[in-house]
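Reading through the structure tokens given below for one structure.
Keep in mind the model is a prediction, meaning the values are calculated, not measured. Proteins come first, then strands; the chains are lettered A, B, ... in the order of their sequence lines, and each starts at number 1.
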There are 2 protein chains.
Amino acid sequence: MARYRVGLETRERILAATRRLLSEVGIEGVTLKAITNQARVGAGSFYNLFDSKDDAVFEVVREAIEAVDPDPAGVGSDSLADLVDAFVAFMTGSSPIARIYLQLAGRGLTDPAIAARVLRSHRRRVERFADAWQREEPQIPPEEAERRAELMLAALTGLGMTALMDPSFDMRRHAVELLPASATAAR
Amino acid sequence: MARYRVGLETRERILAATRRLLSEVGIEGVTLKAITNQARVGAGSFYNLFDSKDDAVFEVVREAIEAVDPDPAGVGSDSLADLVDAFVAFMTGSSPIARIYLQLAGRGLTDPAIAARVLRSHRRRVERFADAWQREEPQIPPEEAERRAELMLAALTGLGMTALMDPSFDMRRHAVELLPASATAAR
DNA sequence: TACATATTGGAGTGTACACTCAATTTCTGC
DNA sequence: GCAGAAATTGAGTGTACACTCCAATATGTA
């Protein structure tokens, strides 16, 4: 299972193809044939490196869930504006991963296993936003900070969906309105 | 083509089954066999009444897109609190349709035809919310009202996704925070 | 009641799909 | 450069699917 250099390279080609296809045709739309064509690889090679189609798909899916959150170094110190900025950048950036992530959320509505993963990463994110609120406005009680964080993320997710469906939508302009007046003034 | 009473009844049974299945297993998960089993109908009967599986599915999908909006009689007079309330009721109600609608939005990320439909209904909704803002706070400029409406709907959509994935999530508690202080006080 | 037409079930058809397999080539450590 | 293991190919396999067809039956009309 990928001990030689060529094997590892092929693995990467396959994952790159899968990533691309997931964002273009969706989780249910990817076929093995499409992946192997795009990666220029025979079916046998694919199965030499992955146990199943879903094996490759889930690898990309995990990657997408991780990628929503900006670099973990910032945890405990990033400002609200930073977090919002990073989220907007993620959604409007050129990477196919944002599209995959939002599709996943939709898929979570019928697949409990996916819902669990999405929710787990969502809660982590709410924590991080709530911490930033606390830091920015220390006088508000923790539950209030958490509620604001939940609302903020819900709005960002909703804006992200619109942005990815409508290329002319200016997500950033709307997103900055979510920041408290103090943070906006500081920009 | 359903000219006799029994045909119309069968049609309804098929649509009910499709509705149920769409919310449970998702658009890609519905199979003709599942629909015909659930509706207690042979494949031949199905095709006597619908041109294709997608024909039935799209009928339910259209219905789901319509159903997001509360009764059109209110247009031009409903308050923000009413609108938020109706949206929350739609999302947290027992109807399978909310789940179908949100799945659709996810699907819109890869299917331009669906994206167009979803966006169209989204814009109508933003209008309606913006009007309500105007009525509630006449001093704010129209663009500002529209921006607030857009944010509010984004947040409601995001909260709806969380609510449908996590049954223990209290959507209403979060949603009311979206209302301006004046509206909240009025409750 | 008799007729035309709608409705029904379900075996049968074609197709697209994920996955297997075995023969062949390529790789890498020694 | 040789041996053993990994990598590669693509034709072949089984299956699940949407959809067809038609003989049998039910429905509505006059």
Side-chain angles (χ1 to χ4, degrees), chain A residues 1-62 100 103-104 107 110-111 113-114, chain B residues 1-62 100 103-104 107 110-111 113-114:
Chain A
M1 307 169 161
R3 305 236 168 115
Y4 293 172
R5 192 177 42 78
V6 280
L8 292 169
E9 281 166 11
T10 304
R11 211 186 128 84
E12 281 316 307
R13 265 209 325 286
I14 290 175
L15 287 174
T18 307
R19 211 173 290 131
R20 203 169 120 103
L21 284 164
L22 272 181
S23 92
E24 282 171 7
V25 299
I27 298 184
E28 326 275 349
V30 248
T31 64
L32 190 77
K33 205 175 168 69
I35 294 176
T36 54
N37 281 351
Q38 183 106 177
R40 297 180 167 274
V41 154
S45 303
F46 180 94
Y47 284 98
N48 179 47
L49 296 163
F50 296 91
D51 285 343
S52 64
K53 188 190 80 168
D54 281 350
D55 190 11
V57 168
F58 284 145
E59 178 134 357
V60 173
V61 159
R62 271 192 297 276
I100 297 174
Q103 274 176 56
L104 264 190
R107 179 81 198 265
T110 56
D111 182 333
I114 291 191
Chain B
M1 307 159 176
R3 305 234 167 115
Y4 292 173
R5 189 178 43 79
V6 280
L8 291 168
E9 281 167 11
T10 303
R11 211 186 128 84
E12 280 316 307
R13 265 209 325 288
I14 290 174
L15 287 174
T18 307
R19 212 173 288 131
R20 203 169 119 100
L21 284 163
L22 272 180
S23 93
E24 281 171 8
V25 300
I27 299 185
E28 326 275 348
V30 249
T31 64
L32 189 77
K33 204 173 168 70
I35 294 176
T36 54
N37 281 350
Q38 184 106 178
R40 297 180 166 276
V41 154
S45 303
F46 180 94
Y47 284 99
N48 179 48
L49 296 163
F50 296 92
D51 286 342
S52 64
K53 187 190 79 168
D54 281 351
D55 190 12
V57 168
F58 284 146
E59 178 135 356
V60 173
V61 159
R62 270 193 298 275
I100 298 174
Q103 274 176 56
L104 264 190
R107 178 81 198 264
T110 56
D111 183 333
I114 291 191

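With rounding to whole Å, B/Asp54 atom CG is found 15 Å from D/dC17 atom P. Rounded to whole Å, atom C1' of D/dG28 lies 13 Å from atom CZ of B/Arg3. Following rounding to the nearest Å, A/Asp55 (CG) and C/dC19 (C1') show an atom-to-atom distance of 13 Å. Between the P atom of C/dA16 and the CG atom of A/Asn37 lies a distance of 14 Å, rounded to the nearest Å. Nucleotide D/dT8 holds its P atom 8 Å from the CD1 atom of A/Ile14, rounded to whole Å. Rounded to an integer number of Å, the gap from CZ of A/Phe46 to P of C/dC19 is 8 Å. As rounded to whole Å, 16 Å separates atom P of D/dG10 from atom OH of A/Tyr47. One can place NZ of B/Lys53 at 14 Å from P of D/dT20, the figure rounded to the nearest angstrom.
Across all strands, A/Thr31 comes closer than 4.0 Å only to sugar-phosphate atoms, never to a base (heavy-atom distances). Within 4.0 Å of B/Gly44, counting heavy atoms only, lies at least one base atom of the nucleic acid.
Taken to the nearest 0.5 Å, the CD1 atom of A/Ile27 stands 8.5 Å off from the CG atom of A/Asp111. The CD atom of A/Gln103 lies 10.0 Å from the CZ atom of A/Arg107; values are rounded to the nearest 0.5 Å. The CZ atom of B/Phe50 sits 8.5 Å away from the CD1 atom of B/Ile35 when rounded to the nearest 0.5 Å.
Between B/Tyr47 and B/Leu32, some side-chain heavy-atom pair lies under the 4.5 Å cut-off. Residues B/Glu59 and B/Arg11 have side chains in contact (heavy-atom distance under 4.5 Å, counting atoms from C-beta outward).
Here the nucleotide nearest the side chain of B/Ala2, chosen from C/dC19, D/dA6, C/dT7, is C/dT7. Relative to the side chain of A/Ala43, the nucleotides D/dG10, D/dT9, D/dA7 differ in distance, and D/dG10 lies closest. The side chain of A/Arg5 lies closest to C/dT28 when the candidates are C/dC19, C/dT28, C/dT7. Of the candidate nucleotides D/dA7, C/dT7, D/dA18, D/dA18 has the atom lying nearest to any side-chain atom of B/Leu32.
Both A/Gly7 and B/Ser45 lie near DNA chain D, and the one whose nearest nucleotide falls closer to the 5' end is A/Gly7.
Neither OP1 nor OP2 of C/dA18 sits under 4.0 Å from any side-chain N or O of A/Ser52. Contact annotation: A/Asn48 side-chain N/O to D/dA7 OP1/OP2 distance is under 4.0 Å. Look at A/Tyr4 and you won't find any side-chain N or O under 4.0 angstrom from OP1 or OP2 of D/dA7. Proximity of B/Thr10 to the phosphate of C/dT7: no side-chain N or O atom is located under 4.0 Å from OP1 or OP2.
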